[in-house]
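Each remark here refers to the structure printed beneath this line.
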Amino acid sequence: MTEAAYRIQGNTGEWEVVIGLEVHAQVTSESKLFSGSSTGFGAEPNSHVSLVDAAMPGMLPVPNRECLRQAVRTGMAINAQINRWSRFDRKNYFYADLPQGYQISQLYHPIVGEGEIEVTLNEKDPDSAVKKIGIERIHVEQDAGKLMHDQHPTMSFVDLNRSGVALMEIVSRPDMRSPQEAGAYVKKLRSILRYVGSCDGNMEQGSMRADVNVSVRKPGGELGTRTETKNVNSIRFMMQAIEYEAQRQVDLIESGGAVVQETRLFDPNKMETRSMRSKEDAHDYRYFPDPDLLPVELDDAFLEECRASLPELPDAKRARYEAMGLTAYNAAVLTAEAETAFWFEDLLAEGVDAKQGSNWLMSELFGALNKLGKALDESPVSPKQAAELLGLVADGTISGSIAKQVFEIMLETGQGAADIVEEKGLKQTSDTGAIEAEIAKIMAANEDKVAEYRSGKDKLFGFFVGQTMKAMQGKANPQVINELLKKALG
């Protein structure tokens, strides 16, 4: 199935938007790319800064093997070319938060080459269009520090805690044609990074952010001049920035103006982009090989170890869940976030039936956590406890309705399901004598309905089931009730 093409309606007809993204993902590592300083988030300003990070004279960078390993593993996860030989370059520019006066990056020989990511545009629709977005490269570079403008009335302060933190810059091809496609791409990329463990994907903490390249053209025409909106730190903001910027460019061109290649910023309060500076080209940065760093050469043993360390990735896991009998929608939801998939895997490891477990997780647990305002990793009920509860339903110890009551108590107290059932006397009974006695009372009290049922009103059977369950306080086995009622009602 093909989704309807996204178009901007201008005075001169329809326009197409062309989008490419440069995603900066902070590499999961306890120390920085070229120093042993901590990468911990939220520390006091300038408390995680070594002499290397502060660019003191005579300091030499030493590459962090773990940062390079994580970049290679990420490349493998998107089926990209891994370059056995790569090199670091100096990107020269002056800014107050860049102590060296240059950034160590990779321009000419990145560690990861071409790959691709497959995205589904609407996860709720199993027939939704699937699109492959090309990845041009992943290179490793160091982050800059941060300017703090709100600490003093007349001066800006500099915090170098982030200076030298390792980033993967993941550069897509200009393959996206709508804000929705860009949103789906970043969601899928973030999901893969979290599965692999190479980045935590926390956009609100700045450990993943996107530079958004946008241009417009008449459908299928020549590529237009692009602008780059820097450091967008949420998927929603990114989609809004694309929408605004595409419309701005169409309005500008149709009114006789020309789009200027420039760097822009997105203002989420005004929901608009604004000009920041003219866009530099590679030659403006005077790139040259970093003389303090040898080229990176990867051997077979290193590459084999990287590949062997990869987990089952979202697409493979999703296909496996569907093969287990889950619906395409359930499989998509359970694999979209690594955290959800790992929780479900723990549930399956406890012996829970896949269908029963997925339905319970998506309806009962997600619903309860939503009410509590908690994330899955904050769940008061563990996979082991959930498995115990579902096991009691599966073996007929408690009914589905009693299970809901037990689950509520588990959420409040953290107690195990079996202990709650024992303590509260909630076990489901299959005592036919007790159930038959209640059925007899109900039939005696509702002789008119019994007569109606026997004269052909089959729908009244549900009434008798409900009355019997009520009389047994929900503790009777529904299957036994059905069998005894059919026998009694004739």
- Note on the structure: Here the pair of heavy atoms bringing Ile170 nearest to Ala25 is CD1-CB, 4.4 Å
- Does OH in Tyr95 sit with more than 12 non-hydrogen atoms of other residues, nucleotides or ligands closer than 6.0 Å? no
- Query: Within the side chain of Asp89, is there an N or O that forms a donor-acceptor pair under 3.5 Å with the backbone of Leu107?
  - Reply: yes
- Can you find a pair of side-chain heavy atoms, one from Leu21 and one from Val212, that are under 4.5 Å apart? yes
- Query: Got a sec, which residues hit side-chain hydrogen bond (donor to acceptor under 3.5 Å, both in side chains) with Asp53, two or more places apart in sequence or on another chain?
  - Reply: Lys32, Ser35, Ser37, Ser50
- Message: Quick check: do Glu412 and Met410 have side-chain heavy atoms less than 4.5 Å from each other?
- Response: no
- Query: Short question: side chain of Glu322, backbone of Asn330 - any donor-acceptor pair under 3.5 Å?
  - Reply: no
- Message: Pair Ile104, Glu141 - check side-chain contact (heavy atoms from CB on, under 4.5 Å), show working.
- Response: CA-CA 6 Å; Ile104 302 177; Glu141 64 184 23; over 6 Å; no
- Query: Can you tell which of Lys91, Arg90, Arg87 makes a side chain to side chain donor-acceptor pair (under 3.5 Å) with Asp290?
  - Reply: Arg90
- Within-4.5 Å side-chain heavy-atom neighbours: Ile138 and Glu169: no
- For Asn79 and Glu116, run side-chain contact (heavy atoms from CB on, under 4.5 Å): C-alpha distance rounded to whole Å, both residues' side-chain angles, the deciding distance at 0.1 Å, then the answer. CA-CA 7 Å; Asn79 296 313; Glu116 64 181 16; 5.7 Å; no
- Flag for Gln26-Ser207: side-chain donor and acceptor within less than 3.5 Å: no
- Query: Is there a side-chain contact between Arg177 and Tyr6 (heavy atoms, below 4.5 Å)?
  - Reply: no
- Item | Separation of Asn231 CG from Met238 CE (nearest 0.5 Å) | 14.0 Å
- Counting heavy atoms not belonging to Lys384, are there more than 12 under 6.0 Å from its NZ? no
- Item | Residues in ring pair (Phe, Tyr, Trp, His ring centres under 6.0 Å) contact with Phe342, at least two apart in sequence or another chain | Tyr195
- Query: If only atom types and distance count, is the side chain of Glu339 paired as donor or acceptor with the main-chain N or O of Asp377 below 3.5 Å?
  - Reply: yes
- Short side-chain donor-acceptor distance under 3.5 Å, His149 and Ser156: yes
- Before giving the answer on side-chain contact (heavy atoms from CB on, under 4.5 Å), spell out for Val130 and Val119 the whole-Å C-alpha distance, their side-chain angles and the decisive distance to 0.1 Å. CA-CA 6 Å; Val130 171; Val119 301; over 6 Å; no
- Over 12 non-hydrogen atoms of neighbours within 6.0 angstrom of CZ in Arg320: yes
- Message: Counting neighbours of CE on Met271 that are heavy atoms of other residues, nucleotides or ligands and sit closer than 6.0 Å, is the number greater than 12?
- Response: no
- dist Asp175:CG -> Ile19:CD1 (nearest 0.5 Å) comes out at 10.5 Å
- Message: According to side-chain contact (heavy atoms from CB on, under 4.5 Å), who are the partners of Leu252, at least two apart in sequence or on a separate chain?
- Response: Arg248, Val259
- Query: Heavy atoms, side chains only, cut-off 4.5 Å: are Ile117 and Ile135 in contact?
  - Reply: yes
- Is the NZ atom of Lys131 crowded by more than 12 outside heavy atoms at less than 6.0 Å? yes
- Message: Looking at every non-hydrogen atom in both residues, tell me the closest pair between Ala77 and Val196 and how far apart they are.
- Response: CB-CG2, 3.6 Å
- Message: Can you confirm whether Arg194 sits close enough to Asn202 that some side-chain heavy atom of one is under 4.5 Å from a side-chain heavy atom of the other?
- Response: yes
- Task: Give a yes-or-no answer on whether the side chains of Trp15 and Glu254 include a donor-acceptor pair shorter than 3.5 Å.
- Result: yes
- Looking at residues at least two apart in the chain, or sitting in another chain, which of them share a ring pair (Phe, Tyr, Trp, His ring centres under 6.0 Å) with Tyr185? none
- Met208 versus Arg190: any side-chain heavy-atom pair under 4.5 Å? yes
- Ring centers of Phe88, Tyr108 separated by less than 6.0 Å: no
- Between Arg264 and Thr273: side-chain donor-acceptor atoms closer than 3.5 Å: yes
- Is a side-chain N or O of Glu16 found less than 3.5 angstrom from the main chain of Gly220, in a donor-acceptor match? yes
- Task: Check the pair Val112, Gln81 against side-chain contact (heavy atoms from CB on, under 4.5 Å), reporting the backbone distance first and the verdict last.
- Result: CA-CA 6 Å; Val112 177; Gln81 175 191 333; over 6 Å; no
- Message: I'd like to know if the side chain of Lys188 reaches the main chain of Glu118, judged simply by a donor and an acceptor atom lying under 3.5 Å from each other, with no hydrogens or angles considered.
- Response: yes
- Task: State, to 0.1 Å, how close His139 and Gln106 come at their nearest heavy-atom pair, and which atoms those are.
- Result: CG-O, 3.3 Å
- Query: Minimum heavy-atom separation for Ser198 to Thr74, with atom names?
  - Reply: OG-OG1, 2.8 Å
- Message: Give me the atom names and distance for the closest heavy-atom approach of Cys67 to Ala166.
- Response: SG-CB, 3.5 Å
- Task: Calculate, to the nearest 0.5 Å, the distance between atoms CD1 and CG belonging to Ile111 and Leu68 respectively.
- Result: 4.5 Å
- When rounded to the nearest 0.5 angstrom, what distance separates CD1 in Ile242 from OG in Ser178? 8.0 Å
- Residue set satisfying ring pair (Phe, Tyr, Trp, His ring centres under 6.0 Å) with Trp360, at least two apart, ordered chain then number -> Phe407
- Query: Checking Asn46 side chain against Val158 main chain: does a donor-acceptor pair fall under 3.5 Å?
  - Reply: yes
- Between Asn213 and Glu22, is any side-chain donor less than 3.5 angstrom from a side-chain acceptor? yes
- Task: Under the side-chain hydrogen bond (donor to acceptor under 3.5 Å, both in side chains) rule, collect the residues that match up with Lys317, sequence neighbours excluded.
- Result: Glu312, Glu345
- Message: Quick one: does any side-chain atom of Gln385 pair with a main-chain N or O of Gly414 as donor and acceptor, under 3.5 Å?
- Response: yes
- Hey, would you say the Tyr321 and Phe344 ring centroids sit under 6.0 Å apart? yes
- Task: For Thr28 and Gln70, test the side chains for any donor-to-acceptor distance below 3.5 angstrom and give the result as yes or no.
- Result: no
- Message: Do Gln249 and Asp251 pair up side chain to side chain, a donor and an acceptor below 3.5 Å, judged on atom types alone?
- Response: no
- Item | Expected output: side-chain Ser379 to main-chain Ser382 donor-acceptor under 3.5 Å | no
- Query: Rounded to the nearest 0.5 Å, what separation is found between the CG atom of Asp97 and the CG atom of Asp159?
  - Reply: 10.0 Å
- Message: Looking only at the side chains, is there a donor atom on one of Thr225 and Gln261 sitting less than 3.5 Å from an acceptor on the other?
- Response: no
- Message: Is it the case that the side chain of Ser47 and the backbone of Glu44 share a donor-acceptor pair, with hydrogens and angles ignored and the cut-off at 3.5 Å?
- Response: yes
- Task: To the nearest 0.5 Å, tell me how far Gln142 CD sits from Leu33 CG.
- Result: 6.5 Å
- Glu388 (side chain) donor-acceptor with Ala417 (main chain) under 3.5 angstrom: yes
- Item | Donor-acceptor side-chain pairing of Asn64 and Ser29 below 3.5 angstrom | yes
- Message: Are the side chains of Arg226 and Val214 in contact, using a 4.5 Å heavy-atom criterion?
- Response: no
